[in-house]
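As structure tokens, the structure follows; a few thoughts come after it.
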Amino acid sequence: MMHGWRGGVRAFGRGLLPFAIILIVWALATRAGVLPAIFLPSPGDVARTAWAMLKDGSLWINIGASLGRVIVSLVVSVPLAVGLGIFVGLRRRLSPVVEPIAGFFNALSGIAWLPLAVTWFGLGWVSVTFIMFNTIFFLVFYNTLVGVRSVPRIFEHAVRTLGGSRRHVIFQVLIPGAMPNIVTGIRMSIGFGWRALIAAEMIATSTGLGFLIYNASNFHQTDTIFVGIVTIGILWLLTDRLILQPIERWTVERWGLVSSSR
Amino acid sequence: MGRRYWEITSTWVVILAASIAAWSLAAATLPVPDYFLPPPSAVLSAFGDLMAKGMLPTFVGESLRRILLAALLGLFVGVPIGLLLGISRGTADFAYPVLNFFQSVSGIAWLPLLLIWFGFGERTILVAVNYTVLFPVIFNALLGVRSVPPIYVNVLRTLGASRWRIVRDVLVPGALPNIAMGVRLGLAYGWRALIAAEMLVGANGLGFMIFNAQAFHLTARIMLGMGIIGALWLALDYFLLRPLEEATIARWGMVQR
Amino acid sequence: MTAKITIRGLRHEYVNPFTRERVVALDGVDLEVEDGEFLTVVGPSGCGKTTLLNILAGLLPKTRGTVLLDGREVTGPGPDRGVVFQEFAIMPWRTVEKNIAHGLEIQSVPKEERAAIVRRFVELVGLGGFERKYPHELSGGMKQRVAVARTLAANPEVMLMDEPFAAVDSQTRITLQEELNAIAQATRKTILFVTHSVEEAVFLGDRCCVLSGRPGRVKALVPVRIPRERRGWKLLMSDPTFDAAKEKVFGLVREEVGKEV
Amino acid sequence: MDGGALGLSLLEPMKGSAMSRLVLLRHRSVVFLLVMAVAWGGWQLFLAMTAPQRIDPALQPALSAGAPVAVAVTLGFAPENFHIRLFQSYGVVSGVRGTTVLLNRVSPDDLRRIARYYWVKRISVQSEGVR
């Protein structure tokens, strides 16, 4: 509805307005001394801490650790999950059985694996990455599997009446037809993956944003916690805009297929 | 088709038997300490043990109580708030970006702050879980109201409907599919946040059970706990959440967005 | 001259996988379709029209009987029998151009030749200017034109059409019927057209095959002796031969409507 | 997020087509809630009924008097940390002898609550239990 970059700026401005108001209310509340600084630091404190952490690089290290784990897990487990999901989805006999099992592991994926991961890999980045991997893998695998199996048969008939072989059915019908589910799976895996990462970092490692804010709470450094939380929110919105929406726009929305919203 | 039914159940039996056998074999032969991979029998005896000691019912009971409380709160508090915010364009545009931001910061990320505010206790868990459930519910209820096709509103206007009637007859029913999805998504996030919070805060619950068991190398209990966590979610999802979603979509055959 | 399509003693039963209930859809169907003939198939709902077409298309294994195309037994789907489905079935992830070229792609026809054929059929079905569009951007009528163009582009021996214009508004329907008429005249293709509308069956068909109520069998074959050139929308308004044929077919179908088993 | 993303079709692979989905749907979730309610209610009733058997008759006078008592709670197994923490919420744990926990200053109401735990074998007066 907004045209050109001016529209974009105005929309962006309108998007920031609520946050500006919240900042003002927050500032007034702390100045009025409603709560001691330990409980609610002023925006100024948080900004100063943030600036300090940026300057001494401690924030960057933790951002790098967390983002690194997200990217690595995505790059490794998404292709694997999509490939396996399609492979199993095509097996008439195997897929109805694997689907419920994948559904079970899908329901279990994430932080529930932490104790077992720590038992196997001990505390540290291996366990955390393992948690990220299985969260992303099972969500994408399950959705791909369901996606391939839910492509309407009519498309398969159409291709076969055009003389298409199994190869054509797979690449020209089943895979594109499963795209909406695959995209949903990827979007959800990022949402759940981030959450699992933050929780895992709090428990099982000594770097990353999760550790940063959990450790800060041991020393009552509330301002550091706020810096961490705001950073997590911003990183999430970035990964959502930069990774997710292009994928969605390039595949699903262009074809007008309904891709379920967030 | 009948043949396929038998075919599926037989494949089921084969896969289950094979995986249990492989698991037992691995547990017996792999050159790792016992606690690394206990055999299926160890998990079964852990179940018997924890039931006899009355621990399992408490863990399951605590976790269920917390998630069902969050579900009720989500439904009866989250949904109305979302609808209210969604109805008028002004509040909707104001609330959307804020809700989107707070929804992306999961309840667990707030946990350190909550620990300072409420300490290591039940209140921290409840706030973390309910926050995680509430925001997706409110966000999707608002989204639901905004995504009702304007044609329905216009039709009622032409019939001279009052604003309240438009809300009751069009906006709320139209938003139901999104609301159902928001509740499902919120609880899915909430369930995981609950497990994580129980681990961090150390209060009775399935999260605590598996985390505590790890400290004593009771891996059989970890596996049992994980199985129950997965099974409970599937039961909740299959018996309560999917019917909620299917009832709203099926009744109107509406496709979201 | 042997018939293009020969059907003898065709019987088909549906078995419900859970209740084991057997439903006989077709029984004792004997039918011959001449080369280049436009045969329409009409009958009460549930008389097995679509079942007959799906068996001919090779998508449905028959219970008993023989089905021959140019003397060869029909076993599975193939490019020699092009199918236009009621739900269009064009790929939402392909542009109009790519959809029409789909059959040619599968038969690995070289690129330039493909482009030429697609251009010809885009013009033939009146989709000029929409080549780059995606299906969700088209109206029902236009989607159906893409499906027809796709089937024709693959140059099948026979075209099987399953109530293709059912989901289209009446204005577009008449134009599509006229266009199909022109295509039939231009390509001399053998066409088997299933429909529930008697008027459509008489307007399009050289002959109308009336199927009885379930279990469907050939109740009657009503010839429509009107040359293709004269078949335009005026014909629908007032033409004695047309009205007579329509009345006859309508009577035959009415008899069957009440009799479902 | 489409409906199937997080759920599964484990329990409904071959649903009869005869019954309409909606009727089956309502049926499925209502049955689940009923079963849970009945099971929970029955369980509480069972606990309430079996509780008195676990209390040593010698404690009756102290219970009716309403004053806090010191008791020995005997379990069928050696208590774990879980049980110790549980008992600490009812009174002061002064010691553990094998499968018995010595608990002081327990109010009569708390005593009746402890008696409801199915894994508690017997609650007896502390002096007698210690010997």
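So that the names make sense, note that chain A is the first sequence line, chain B the second, and so on, each numbered from 1.
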With a 4.5 angstrom heavy-atom cut-off, could you sort out which part of Leu235(A) is near chain B: side chain, backbone, both or neither? neither
I'd like to know which of Ile116(B), Leu232(B), Ile195(B), Ile108(B) tops the heavy-atom pair count under 4.5 Å against chain A. Ile116(B)
Most heavy-atom pairs under 4.5 angstrom with chain A, which of Leu200(B), Leu115(B), Leu206(B), Thr219(B)? Leu200(B)
Identify which of Tyr189(B), Phe94(B), Trp191(B) forms the greatest number of heavy-atom pairs closer than 4.5 Å to chain A. Tyr189(B)
Which atoms of Ile225(A) come close to chain B, meaning under 4.5 Å heavy atom to heavy atom: side chain ones, backbone ones, both, or neither? side chain
Is it true that a side-chain atom of Trp236(A) and a backbone atom of Val105(B) form a donor plus acceptor pair closer than 3.5 Å? no
Side-chain contact test, heavy atoms from C-beta onward, threshold under 4.5 Å: evaluate it for Val97(A) versus Thr9(B) and give yes or no. no
Looking at every heavy atom in both Pro97(B) and Pro18(A), which two are closest together, and how far apart are they? CG-CG, 3.8 Å
Just how far is it from atom CG of Leu114(B) to atom OG of Ser217(A), taken to the nearest 0.5 Å? 10.0 Å
Closest approach of Phe192(A) to Ala188(B) (non-hydrogen atoms, all atoms of both residues): CZ-CB, 3.7 Å
Closest heavy-atom contact between Gln103(B) and Arg195(A)? O-NH2, 2.6 Å
So do Val32(B) and Trp120(A) actually touch side chain to side chain, heavy atoms under 4.5 Å? no
Could you pull out every donor-acceptor pair under 3.5 Å between side chains of residues 108-118 of chain A and any protein atom, sequence neighbours left out?
| unit_1 | atom_1 | unit_2 | atom_2 | d |
| --- | --- | --- | --- | --- |
| Ser109(A) | OG | Asn106(A) | O | 3.1 |
| Ser109(A) | OG | Arg192(B) | NH2 | 3.4 |

Name the region of Ile21(A), side chain, backbone, both or neither, that has any atom closer than 4.5 Å to a heavy atom of chain B. side chain
Interface residue of largest heavy-atom contact number with chain A, from Ile222(B), Ile229(B), Asn212(B), under 4.5 Å: Ile222(B)
Quick one: what part of Phe226(A) sits under 4.5 Å from any heavy atom of chain B, side chain, backbone, both or neither? side chain
Residue pairs passing the side-chain hydrogen bond (donor to acceptor under 3.5 Å, both in side chains) test where at least one lies in residues 219-229 of chain A, sequence neighbours excluded: Thr49(A)-Asp223(A)
Flag the one option from Ile234(A), Ile229(A), Val230(A), Ile22(A) with the top tally of heavy-atom pairs under 4.5 Å to chain B. Ile229(A)
At a heavy-atom separation under 4.5 Å, does Ser19(B) approach chain A through its side chain, its backbone, both, or neither? neither
